[in-house]
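Here's the structure, in structure tokens; my notes come after.
Numbering of ligands and ligand atoms starts at 1, following listing order. Numbers for residues simply follow the sequence, beginning at 1.
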Amino acid sequence: MDKKKIIIDCDPGYDDAVAILLAAGSPAIDLLAITTVAGNQTIEKVTKNALRIAKLAHLENVPIAAGASRPLLRQAVTVAANIHGESGLDGTTLPEAEYKVDPRHAAQLIVDVVMREPEKTVTLVPIGPLTNIALAARIEPKIVDRVKEVVLMGGGAHIGNIKPMAEFNIENDPEAAHIVFEEKWPIVMVGLDLTYQALATAAVKEKIAEIDTPAARFLTQVLARFSENYKRSKGFDEPPVHDPCAVARVIDETIVKAVSAPIHVEYRGDYTAGMTVTDLRGKVPADCHTSVALELDRERFWNLIIEAAKRL
Ligand code: PIR
Ligand code: CA
């Protein structure tokens with residue numbers, strides 16, 4: 001089996017950590033690079049977290065580059081300390097990272113990897129605000145044709161989380177999201193419609209708690225704190241574990257089913273800035289390059305994570 005080559009652009013973050021572990025522990029994935037963006041926490045904090053998660057997951061040979069510390073036009077990201085804590089991973093223990101961050105900007109690392117690899121072999125997996133991806137597309141427009149696909153966690157066809165109709169990753173940098181969605185690369189939007197089906201239930205947490213590996217012990221801490229914070233801050237009985245859904249889509253597209261639909265990002269509305277306007281009325285233009293994930297196979301999704309935790 002040919003492994004799927006991916007770059008993860010992230011802001012860890014509890015669920016970003018799960019996504020990185022899933023990629024690291026999946027035999028179907030070849031993780032070429034990790035890049036970071038300010039989102040759940042500041043760029044300094046999320047980059048440090050990425051380095052430490054990578055250490056835990058034996059990813060020492062994967063380059064990690066820090067990227068945007070703020071959105072393209074807007075002043076600053078609204079960090080999600082209510083959900084992810086002051087460090088971005090409060091209440092978890094990780095090895096100290098001694099390995100170095102790549103000297104390149106995240107956007108440059110993305111460009112370099114996509115231009116180096118054969119055409120249409122690299123999938124971008126953005127799971128934070130889209131600032132680095134927009135910058136990469138502007139630094140080297142050729143990447144748009146070269147990338148195989150962009151499978152992102154963000155947005156939603158029917159609902160938002162940070163605002164009634166806007167999801168955090170899009171709402172933090174709507175202009176960057178607009179740039180990314182208007183480029184003609186194939187995009188799969190793995191948004192809240194899908195990730196609200198990926199709830200860390202008590203049964204799931206029990207299964208992970210039974211696994212005796214460093215990654216599984218860390219995952220148990222992650223899911224415990226994520227659950228508490230989602231309960232306190234949003235009233236959810238079980239937390240939606242968003243980001244690994246995008247990685248799962250790359251591993252096996254039958255686990256995360258998507259339908260073709262035009263999607264545009266609203267970036268000017270008083271109430272709707274950050275909304276991903278998804279046209280699900282049915283008649284899809286032949287040149288439509290976007291699709292929206294709507295249906296998760298929960299059992300197979302959690303099995304992917306459990307199997308990855310066993311391997312790490
Ligand atoms: C999750 C996130 C931000 C805020 C809240 N309340 C919950 C992060 C996750 O890491 C995920 O990538 C996305 N943003 C979900 O909106
Ligand atoms: Ca994230």
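Close contacts between ligand 1 and D243 involve ligand atoms 9 (C), 10 (O), 11 (C), 12 (O) [criterion: under 4.0 Å to a heavy atom]. Using a 4.0 Å cut-off to heavy atoms of M153, the atoms of ligand 1 that qualify are 11 (C), 12 (O), 13 (C), 15 (C). Within ligand 1, the atoms closer than 4.0 Å to a non-hydrogen atom of N169 are 11 (C), 12 (O), 13 (C), 14 (N), numbered from 1 in the order shown. Atoms of ligand 1 lying under 4.0 Å from at least one heavy atom of E167, given by number and element, are 13 (C), 14 (N), 15 (C), 16 (O).
Contacts between T195 and ligand 1, counted as non-hydrogen atom pairs separated by less than 4.0 Å, are absent for every part of the residue. Heavy atoms of N161 found under 4.0 angstrom from ligand 1 belong exclusively to the side chain.
The pair E96-R52 meets the salt-bridge criterion, with a side-chain N (NZ, NE, NH1 or NH2) lying under 4.0 Å from an Asp/Glu carboxylate O. A salt bridge does not link R146 to E140: none of the charged side-chain nitrogens sits closer than 4.0 Å to a carboxylate oxygen.
D112 and Q108 share a side-chain donor-acceptor pair at under 3.5 Å. Side chain to side chain, D173 and T131 meet the donor-acceptor criterion of an N or O pair below 3.5 Å. A donor atom on one side chain and an acceptor atom on the other are not found under 3.5 Å apart for H289 and E183. Between the side chains of T121 and K4, not a single donor N or O lies within less than 3.5 Å of an accepting N or O. At a cut-off of 3.5 Å, with distance as the only test, no side-chain donor of Q41 or S87 sits close to an acceptor on the other residue.
Of the candidates L192, N40, I162, V241, the one placing a heavy atom closest to atom 3 (C) of ligand 1 is N40. The closest heavy-atom contact to atom 7 (C) of ligand 1, among the options F236, F168, Y230, comes from Y230.
For R281, the CZ atom counts as loosely surrounded, since its 6.0 Å shell holds 12 or fewer non-hydrogen atoms of other residues, nucleotides or ligands. Surrounding NZ of K100 are at most 12 heavy atoms belonging to other residues, nucleotides or ligands under 6.0 Å away. In the displayed structure, K234 atom NZ is contacted under 6.0 Å by more than 12 heavy atoms of other residues, nucleotides or ligands.
At a cut-off of 3.0 Å, D15 is not counted among the residues with an N, O or S atom near the Ca ion (ligand 2).
For atom 5 (C) of ligand 1, the closest heavy atom belonging to the protein is I83 CG1, 3.8 Å. Of the protein's heavy atoms, K234 CE, 3.0 Å lies nearest to atom 6 (N) of ligand 1. Regarding atom 1 (C) of ligand 1, its nearest protein heavy-atom neighbour is H84 NE2, 3.8 Å. Counting only heavy atoms of the protein, atom 10 (O) of ligand 1 lies nearest to D15 OD1, 2.7 Å.
Of the angles at the Ca ion (ligand 2), the one spanning OD1 of D16 and O of I127 is 130° when given to 10°.
Counting just the N/O/S atoms of D11, the one with the shortest distance to the Ca ion (ligand 2) is named OD1. Taking the Ca ion (ligand 2) as reference, the nearest N/O/S atom within D243 carries the name OD2.
Just one of V144, D145, L124 meets the side-chain contact (heavy atoms from CB on, under 4.5 Å) condition when paired with V114; it is L124.
Residue contacts with ligand 1: I127 is placed with a nitrogen or oxygen under 3.5 Å of a nitrogen or oxygen of the ligand (distance criterion only).
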